[in-house]
Amino acid sequence: MERFLDQFFNLEVMARYLPDVAAGFVVTIQLALSVIVTGLLLGLLLAVIRAFQIRPVNWLIILFVDLYRALPPLVILIIFYFGLPFIGITMSAFVIAWIVLASVLAAFAEEIYWAGITSVNKGQWEAARSTGLGFTGTLFYVVIPQAIRMTIPPLTNRTIAITKNTALASVVTVEEMLTVAQTSLAYAANTSPLTMAAIGYLLIFFPLTMASRWVETRYAWKR
Amino acid sequence: MDMLDWEVIKFSFFNADSLREIYPLLLSGWGMTIKLCLAVVPLGFLFGVFLATLHSFRVPGINGFLVVFVDFFRSIPPLVLLIYVTYGLPFFGWDVPPFAAVLVAFTFNSGSYYGEIVRAGIESIPAGQMEAARSTGLSRIQAMIYVILPQALRNVAPDLTSNTIELIKATSIASVVALPELLRMGRVAQGLVYNATPLIAVAAIYLLMLWPMVRLLSRLERRMMSAR
Amino acid sequence: MAHAHDIASKFVVEAYDIHKSFGDFEALKGVNLTVAPQELVFIIGPSGSGKSTMLRCCNLLEQPSRGQVKITGEEITSRGVDINEVRQRIGMVFQQFNLYPHMSALGNVSLALRKVKKMARSEAEDRAHAALKRVGLADKAGNHPTELSGGQQQRVAIARAIAMEPDVILFDEPTSALDPELVGSVLEVMRELRESGMTMVVVSHEMRFARDAADRVIFMDGGLIVEEGTPERIFTDPRSDRLKSFLHSVTGH
Ligand SMILES: Nc1ncnc2c1ncn2[C@@H]1O[C@H](COP(=O)(O)OP(=O)(O)OP(=O)(O)O)[C@@H](O)[C@H]1O
Ligand SMILES: [Mg+2]
């Protein structure tokens, strides 16, 4: 037991690396927030464009969504990070992680928004159009507000799952929490920095996961 | 503009010579990925069914623990869990082979997700089903296996499919702890030929495996929506 | 349907001083019920009077808070009783049928024969076919519940109960979820069962069936038995005000 505590919860080691891990924590938060905001907005934008039912555009959107649903985010991340320099494109690791994860979230979010939009009763469209509201007006004032409600639970779950993937950014050397923890682990020959990172992730995601349970009962998406 | 020269792109991403050189590596990595999936999908699924079944029995005191357990593993990024198991346990002198470490980490992680899905499925079945089964003398476990679960799993088939896709994708994370699976071998190959063709090939193989599943999922989801 | 247990006691069902509370609410406040072999006991009463709860206490789908239940003389409320063994001998038919939607009629009827009575599949299916035939659904064995009418579904549910050859069958409003024109077929099957000597406890609002077929009618209200007697007596000579007003409300004057 003593050995366990010494190896995994070594307070002295933790104190030493706390500032580093805390800095990583901040980067993780920055990355997570950037991904969430841009991903959710881009997803909504795609769903709205899809609602206009322009054939070739829709195919492109479906292709984008399918690709991002079928490919592991880590594979995409690595292709961007190691592949783009071959053709002379270089971006900071943070920006690459941001773009990739935001695109993944956008793809999933688009599917969820789209499912929400199509699930709104046809009568709602007809009622709104009959009052003289145009297509765009109906979409924005009548359909989307109803759709959003039922998309909230699946969107919450998906957002949490994808935002957790910020840890993957460690593979492409973004100085986020896991990277810092791993470096510290190597220096200290002790697992405690990793424990700190784990606690950091729990601090962010445990309340969110709990909240998603509440959201699920509150906005129950009954199929 | 000349940096986006087609010849350069072709050389860096679609290099047939490179592919010829390293394809055995990719095939062996693919084999390992399939082996990993064949182990981790059933394990995670069964663990999830176990968690959900236990939850449905409403044993006092257990359910609160189960919720925390499941949310814990849904809150920790699988990569963190994996690194913890891989680099943490050896400090105890427990030498965990990478495959076992990956198995442990993914069983707990995916089991928690599967568990939540199956739980929702079980809760979607009217209480009368359990009562009818019990009234004929079936035990709680028997009623679960023969009456409740077959219906519950069918009701959540899209979510189960979706989670399975996510799990298969997540196995690529095992590359980080040097398990020689598809992505790992792709990166090894990339180091050999010094261009990105192996990575594109890796992506193509994942597409080959998962695109049909993604399409199937879309169909399942649409069917469920219209069946409401 | 002669069982070794029948000889042990002169009653098939005995329930003494049954209490049942849900939190602070007392749904049953001390109910006694005895059912003799081949008897059909009919339970009536207003909504919320505890009829279903009483029935469900007889096969321990609800655990009574207090009191004792015996089936063919064996006390099932005591510790250490194998409730699954006991439930084979107590059939139950539900208002909502509760058929298993993922199984055919035959699968519904044979499941417990195979898994509880441990019969071989062929033997179980022979018996299930016989039970389906008894309820007039020999030709529906392969159909799934969604392909059957409500009346047919409820008859499959009855077949599921009788296939186990129970000592008694409990019916909880077996016709309440049915369209009026489908009620007759289910009552017909119940009548046939009664004539074959099955012991039955029936909660229902089918007063006409009670008059024709019941040996005894029990009127419950507020978690208690208020009156009981022959159908004749209960329907033509109600004594308590509560029974009078209840009969008044159901016959709709
Ligand atoms: N599981 C439960 N939890 C809380 N209260 C319950 C439960 N089951 C029954 N009750 C309450 O116990 C009382 C008796 O219910 P019961 O279902 O036995 O009535 P009933 O006579 O069968 O009525 P109905 O004719 O409507 O079926 C009701 O007030 C009901 O609300
Ligand atoms: Mg009732």
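Computed from heavy atoms alone, side chains included, the values below leave out hydrogens, waters and symmetry copies. Residue numbers start from 1 in every chain, and the chains themselves are labelled A, B, ... in the order their sequence lines are given, proteins ahead of strands.
- Heavy-atom minimum distance, B:L79 versus A:A167: CD2-O, 3.5 Å.
- Interatomic distance, B:W211 CH2 to A:D66 CG, rounded to the nearest 0.5 Å: 5.5 Å.
- For B:S175, the part sitting under 4.5 Å from any heavy atom of chain A is the side chain, from C-beta outward, and nothing else.
- Annotation: the span from A:I204 atom CD1 to B:S75 atom OG amounts to 10.5 Å, rounded to 0.5 Å.
- There is no contact between A:N165 and chain B, counting heavy-atom distances below 4.5 Å.
- B:K169 contributes no side-chain N or O that, together with a main-chain N or O of A:L74, makes up a donor-acceptor pair within less than 3.5 Å.
- Here CD1 of B:I9 is found 13.5 Å from CZ of A:F86. Values are rounded to the nearest 0.5 Å.
- Neither the backbone nor the side chain of B:S124 comes within less than 4.5 Å of any heavy atom of chain A.
- From A:I78, atom CD1 reaches atom CG of B:L183 across 4.5 Å, with rounding to the nearest 0.5 Å.
- For B:F13, the part sitting under 4.5 Å from any heavy atom of chain A is the side chain, from C-beta outward, and nothing else.
- Screening B:L207, B:L210, B:V214 for a side chain to side chain contact (heavy atoms under 4.5 Å, CB included) with A:L71, the sole residue that qualifies is B:L207.
- One distance of note links CG of B:D71 with CD1 of A:I160; it measures 9.0 Å at 0.5 Å rounding.
- Scanning both residues, B:Y113 and A:K164, for their nearest heavy atoms gives OH-NZ, 2.8 Å.
- With a threshold of 4.5 angstrom between heavy atoms, B:S162 approaches chain A through side-chain atoms but not through N, CA, C or O.
- The minimum heavy-atom distance between B:A203 and A:I79, with the atom names listed, is CB-CD1, 3.8 Å.
- What you find for A:R213 and B:V67 is that their closest heavy atoms are NE-CG1, 3.5 Å.
- Few gaps surround CH2 on A:W114; more than 12 heavy atoms of other groups in view lie less than 6.0 Å from it.
- For the atom pair CZ (B:F72) and CG (A:L202), the distance works out to 5.0 Å, reported to the nearest 0.5 Å.
- Contact annotation for A:Y68: only backbone heavy atoms (N, CA, C, O) come within less than 4.5 Å of a heavy atom of chain B.
- The contact between A:S212 and chain B is made entirely by side chain atoms (from C-beta outward), counting heavy-atom distances below 4.5 Å.
- Interface remark: of the candidates A:A189, A:P85, A:S170, A:A197, A:A189 forms the most heavy-atom pairs closer than 4.5 Å to chain B.
- A pairwise comparison of heavy atoms in A:G83 and B:A196 identifies CA-CB, 3.9 Å as the closest pair.
- A:F206 and B:V68 make their closest contact through CE1-O, 3.9 Å (heavy atoms, listed as atom of the first residue, atom of the second, distance).
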